[in-house]
Amino acid sequence: MTEAQEAPGLPRAYDPAVVENGIYERWLAADVFAPDGAGNRARPGAEPFVIIQPPPNVTGALHVGHAFTADMEDVMVRHARMNGRPTLWLPGLDHASIAAQVVLDRILDGEGESRASLGRERYLERMWAFVNTTRETIIRQSRRFGSSLDWDRLRFTMDETSSKAVRTAFARLYTDGLAYRTEALANWCAGCQTTVSDLEVVPTPETGTLWTIRYHVVESDGTVRPDRWIEIATTRPETLLGDVAVAVHPNDPRYRDLLGVNVLIPFVERVVPVINDPVVRLDFGTGAVKITPAHDPEDYATGRRHDLPMINVFDDAGRINENGNGYAGLGLAEARRRILAELEVRGDLVGAVPHEMLIGRCQRSNDVIEPRLKTQWFIRTKPLAERALEATRSGRTMILPEHFEKVWEHWLTEIRDWNVSRQLWWGHRIPAWYCPDGHITVTADPAGPSACETCQRPVATLRQDDDIFDTWFSSGLWPFSTLGWPDDTDDLRRYYPNSVLETGYDIIFFWVARMMMLGIHFTGQAPFHTVYLHGMVRDAIGKKMSKTTGNVVDPLEAIDEIGADALRFALVNGTSAGNDQKLAAERLESARNFGNKLWNAARFVLGARPATIARDGARVAPDPDELGPAERWIRSRTAATTAAVNRAIADYAFGEATRILYDAVWSELCDWGLELAKVRLTDTSLSSAAREATWWTLVEALDTNLRLLHPFMPFLTEAIWTATPHGLDDPELLIVADWPGPDVATRRDEAAETEVGVVIDLVRGIRNARSEAHVEPSTWLPVDLVGDPAAAGAAEALRPALERLARIRPLTIHSTRAAFLAATGGAGLSVIGSGWEAVVGRVSAEAADADLIALDRQRLERELQTTRGLLAAARARLANEAFVGKAPAPVVEGARVRTAELADQVARLEERLKP
RNA sequence: GGGCGGUUAGCUCAGUUGGUCAGAGCGCCUCGUUUACACCGAGGAAGUCACUGGUUCGAGUCCAGUACCGCCCACCA
C-alpha cells in the first residue's frame, strides 16, 4: 500500500516526485505490461496490438528525442491496453556498431588507448563492459518516462537470437542470389577505418578550388610535345595519380583534333587516351575532365563504359599508396600541395579559382569520405524494393503522414545496392568463408562450414571474412527476429505482422525501408500495417539539439523539475505527425500547470463528498431522477469530450487529443462544471439525494477524464484514480481500467447544453458589464431579466447558480417585456443576448450612477456597432440569390436564424440607447 | 538540379471532409485574499490567416504561380 492509497484524499500540493513515487513499481508488481500478464485484462480473442519502437543505441543516455518516441508509443500502447487488446511493446537496444565504436574510441582516446593498442579481443571485452552499463542507464530512464514496456522480453541486437537471425537471413539472401561479393566503388571513412553506405555520407558544402592543369600530348612514337596539351579542370589534383583517361564531350569543337590522341599523366608517367563521353559538360571548367575510376563515382561509371583500367592510389589510412610513385606514403593533403607545387614549376598549373562544392563527410566521425575500390558484400535491393513499394501502393502498409509516401516512392524506385560489409569489430561477423581458390561458402550454422561448398577443401584451409555487417542489417530484421524468427514460434504466429511502427522520419530509409524489404522477403508479409513517423524535437528557436551546441534538453532533468507527466504532455500537446516541434520552456510550464490544475480539481471533487456518502463505498452512477441541468450538462460535455478524443486517436492525431482534453478539463469541467456543482453541493435546502447525485456526477466526470488522460499522463492520473471511488467492475489500477465505452455517448443531452449555455452567456454578459463599469467584484447587484420561454426557463431552473456565479441578488425574472421595462425604467447596466435581455441595477451605492451609466452607454454603443456590422453582412448573404439557391438548406436556415437573432439584438440595443 | 514541409494575434502553435474557424497557451492591460488551484480566478486589447491570380453562392481551408524559411534526395569534374 502506498501513501496515496491510505490517504483519505490527495496531498495538498501537487508534487510530481511524490506522485510518481512507487507507481511504476505497482504496475510492475501487477504484471500488466506483458500481453498475457496476470494483471492484464485483455479481452479474450481481442486482436493483439503490437508496436515497434526503434531500439535506442547503446551508446549512452537517452535524450529528449528518445523520450518523445517512447511517449508516442506508450500513448498508443496504453490506449490499446485500456481497450482490452493484448499489447506487445518490446524493449530493445541496438548495438549500433559504428556509432558505438566512435563513442568507445573517443573514451579510449582519453585514456591514452586505442583500438589498435587493445587489439580485437580486448577491444570487444571493453565494448561489452561499456554497453552493460549504458544498458542499465537506458532501462532506468525508460522507467522514469513511464514506458509500459514488456521488460521480460528485453532484446539486444547482439544477443544470440539476433545473431541467428542475421546468419540465417544472410545465408538465405545469398542462396536467393540477393547477396553478392564484388569489387566496387565504396565510401571509405579513414577515421572509422571502414566503408559506409551511401546513406551515411553527408554532403557538406565547402569552398574548394578548381584548378586547371595541362596534360601534354604524346605522339605515336612516344615523344612528349611540350607545345601541345589539353587543359583539364579538377578540384582534386592529387587523384591525377590514378588517372586513366581524359574525357571531352563528343560535340565539343574545341577538342575535335585531340580525340583519339594520347596524353601523359605526370609523375606516374602514364600515357592515357583522350576519349569522348556525353557525361562531360561543355560549359564547366575547360570542357575536359580527367578520369579517375577508382576514386570518383562518376569516373567509375565512365571507366566501366569505356572499359578503362581502375587504379587505386589511396590506402586505408588515407595516404597515397605504392601506385603513387614518389608520393607514396604522403597524406592526401600533403600530396596535393606537393603535386600542385611541382606542376607550377613545370608550368602546367595554369589556373586556380575558388569553387563552391559538396564534400562527402562521414555521418559519424565527420571525416572526409573517399570513394575507393573495395571488395565488399552487397545486397541486391531492386527486387526487394519492388515488393516494399507494392505493399505501400496497395495500401497494405500505410505511411503517416501521407506525404512521406512520395519520399518513400522516390528512394525505393531509385534505390542502389546496399553495401553491408563493414571493416569494424563490434557487430555480427559475416558468415562467409573463402577457400584458397576463391570459392565462397556461406552458412547460417554457428559452427561454420565443414568444407568448401564448391571444391570440398577441408575447413582448415578456409578463411572467414573479417568484416561485420552494417548495424542496420540486424535492425532490419528486428520486427521478426525479436519474435523468434527464423524458428516458427508461437510469438511469431501471434504477433507478426506487427500493428504499428512508430519512429522518427529521419530513419525512414536507414530502418523503415530495410525492415519492409527484409520483412517481406523473409516472411512474405509486410512487417506492419501502419508506419507512423514523428518529427524531430528541436530547441526553443528551432535548432537541432546537439551536445556540442549545448542546447539539449535532458529528459531526466526535466522530469526532476516538472515531472514525467508534464514532460510527456508537453511533447505531445500541439504536435502532429511528421512535423518538427520546438521545445520551449513555456510549453513545459503550460503542461506542468495543467497537471496542477487537474490535481486540484481532483482534490476539490474528492473533498466535496457529502457526509451522507460513505468514504470507502464503491462508485455508483448518479441517480437520474436527481440530476439538474448542470449535472446533465457535465455528463453531456464529458460524453462530447470522449467522442472527440476517440476521433482524434483514431486519426493518430494525438496532439489534437491532448488539446481537447486540456480544454475539457480546464475550461469546461473546472471553470463551469465545478463552479456550477458547488452551488448545489453547498445548498442545504436541497435533499441529500440531490447533493449526492451532484457529487457522483463530478466523480463520474473526473473518472472519465482520468481514463482519457491516462495514456498521456500516466503517473498523475493513476495517483488520482487510486484516491477516487471505483466502480464494482473496476480493477485496482487505472492502467488496466476500461477505456470509456459507448455508454458514455448516451449521456449527450442537447437540452441541458442549451439551458446551461444560456446561463453561461448570462453570467459572462453580466460579469463583462460589471467589469467595464468598474463595479466592485464583491458587490451584490439586483438584476431584472426578461427573455423567451427557453431563456427564462433556463434562468429559473438554474437561478441559484446564476445568482452565485454572476454575484447578483435578487434576480427578478419578468414574464413580459412591459413588466420588465416598467421595473427597470431604463436605469442600470444593460446586457443583451440572443433571446434575452437583462438590466443590472443599483450599480453603486455611493458613486454617481450617472457616471457609470455613461460608461455603460459607451459599451453598448460599441456593441451596437459591431452587431450592426454582423447583421449587415448576414443580410447581404441572404440577399444573394445564388447563396439561397445553391447552398445546402441547413446552411441557409442557419443563416436565417442567425440574421433574426442579430436583428433582435440590434433592436434591443437601439432601444436601450434611445435618449 | 529534383522533391517535400512551413509561412495564422508580440511569442509558440491548433484549425478534421470549403459554410459561427478567425482559435488556444504564454506574454500584455484592468480587477480579485468568493472555503480545489496565484502553477489561480474574472474581464479586456490584439491578426487584410506570406503574396498574386483562379475555381465557387461562399476559401487559412481547393487549384496555379511568386517570395522567403527549413528539410530530404541527387554521379556535376
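Chain letters run A, B, ... following the sequence lines, proteins first, then strands; residues in each count from 1. Values reported hereafter were calculated over all heavy atoms of this structure, with side chains retained and with hydrogens, waters and symmetry mates removed. Predicted, not measured: the structure shown is a model, and the values here were computed from it.
Contacts of Tyr662(A) with the nucleic acid, taken as non-hydrogen atoms under 4.0 Å apart, involve only primed sugar atoms and P, OP1 or OP2. Arg767(A) comes within contact range of the sugar-phosphate backbone alone, with a heavy-atom separation under 4.0 Å but no base atom that close. Residue Tyr300(A) is out of contact with every strand shown, counting any heavy-atom pair closer than 4.0 Å. Among the heavy atoms of the strands lying under 4.0 Å from Lys678(A) is at least one base atom, whether or not backbone atoms are also near. Nucleic acid contact for Arg647(A): none, since no nucleic acid atom lies under 4.0 Å from a heavy atom of the residue. Residue Gly574(A) is classed as a sugar-phosphate contact, given heavy-atom separations below 4.0 Å to backbone atoms only. Across all strands, Arg898(A) comes closer than 4.0 Å to base atoms (heavy-atom distances). Within 4.0 Å of Val605(A), counting heavy atoms only, lies no atom of the nucleic acid at all. Counting any heavy atom pair closer than 4.0 Å across all strands shown, Gly208(A) reaches no nucleic acid atom. Contacts of Arg862(A) with the nucleic acid, taken as non-hydrogen atoms under 4.0 Å apart, are absent. At a threshold of 4.0 angstrom between heavy atoms, the contacts of Lys582(A) are confined to the sugar-phosphate backbone, with no base atom among them. Nucleic acid contact for Leu674(A): base, since at least one base atom lies under 4.0 Å from a heavy atom of the residue. At the heavy-atom level, Ala601(A) lies under 4.0 Å from base atoms of the strands shown. Contacts of Arg236(A) with the nucleic acid, taken as non-hydrogen atoms under 4.0 Å apart, are absent.
Between Thr641(A) and Ile660(A) there is a side-chain heavy-atom pair separated by less than 4.5 Å.
Side-chain N/O atoms of Glu675(A) and base N/O atoms of rA36(B) include a donor-acceptor pair closer than 3.5 Å.
The aromatic rings of Trp411(A) and Phe509(A) lie parallel to each other, their planes meeting at an angle below 30°, with 60° marking the opposite boundary. The aromatic rings of Tyr532(A) and Phe654(A) sit perpendicular, their planes meeting at an angle over 60°, well past the 30° parallel limit.
Of the candidates rA77(B), rC75(B), rC37(B), rC37(B) carries the atom nearest the Lys597(A) side chain, counting heavy atoms from C-beta on. In this structure, of rC72(B), rC40(B), rG32(B), it is rC72(B) that holds the atom nearest to the side chain of Val407(A). Residue Arg592(A) places its side chain closer to rC39(B) than to any other of rG19(B), rC39(B), rU12(B).
The structure places CD of Glu231(A) at 10.5 Å from CG of Leu349(A), a figure rounded to the nearest 0.5 Å.
When the side-chain nitrogen and oxygen atoms of His355(A) are compared with OP1 and OP2 of rA77(B), one or more of them lie within a distance under 4.0 Å.
Using atom C1' as the reference point in both rC69(B) and rC62(B), the two lie 24 Å apart (nearest Å).
For rC21(B), there is no paired nucleotide, since no Watson-Crick or G-U wobble pair has both relevant distances below 3.5 Å. Summarising the base pairing, rG1(B) is matched to rC73(B) through a Watson-Crick or G-U wobble pair whose two defining distances lie under 3.5 Å. Base pairing of rU7(B): its partner is rA67(B), meeting the Watson-Crick or G-U wobble criterion (both donor-acceptor distances under 3.5 Å). Using N1 to N3 plus N6-O4 or O6-N4 for Watson-Crick, or N1-O2 and O6-N3 for G-U wobble, each under 3.5 Å, rC62(B) pairs with rG54(B). Look at rU16(B): it lacks any Watson-Crick or wobble partner with both distances under 3.5 angstrom.
Glycosidic conformation of rG60(B) is syn; the angle stays within 90° of 0.
When ring centroids are compared, Phe594(A) and Tyr662(A) come within the 6.0 Å threshold.
Under the 6.0 Å distance and 45° angle rule, Lys597(A) does not count as a cation-pi partner of Tyr14(A).
Mapping Asp198(A) and Tyr14(A) onto RNA chain B via the closest heavy atom, the residue that lands nearer the 5' end is Tyr14(A).
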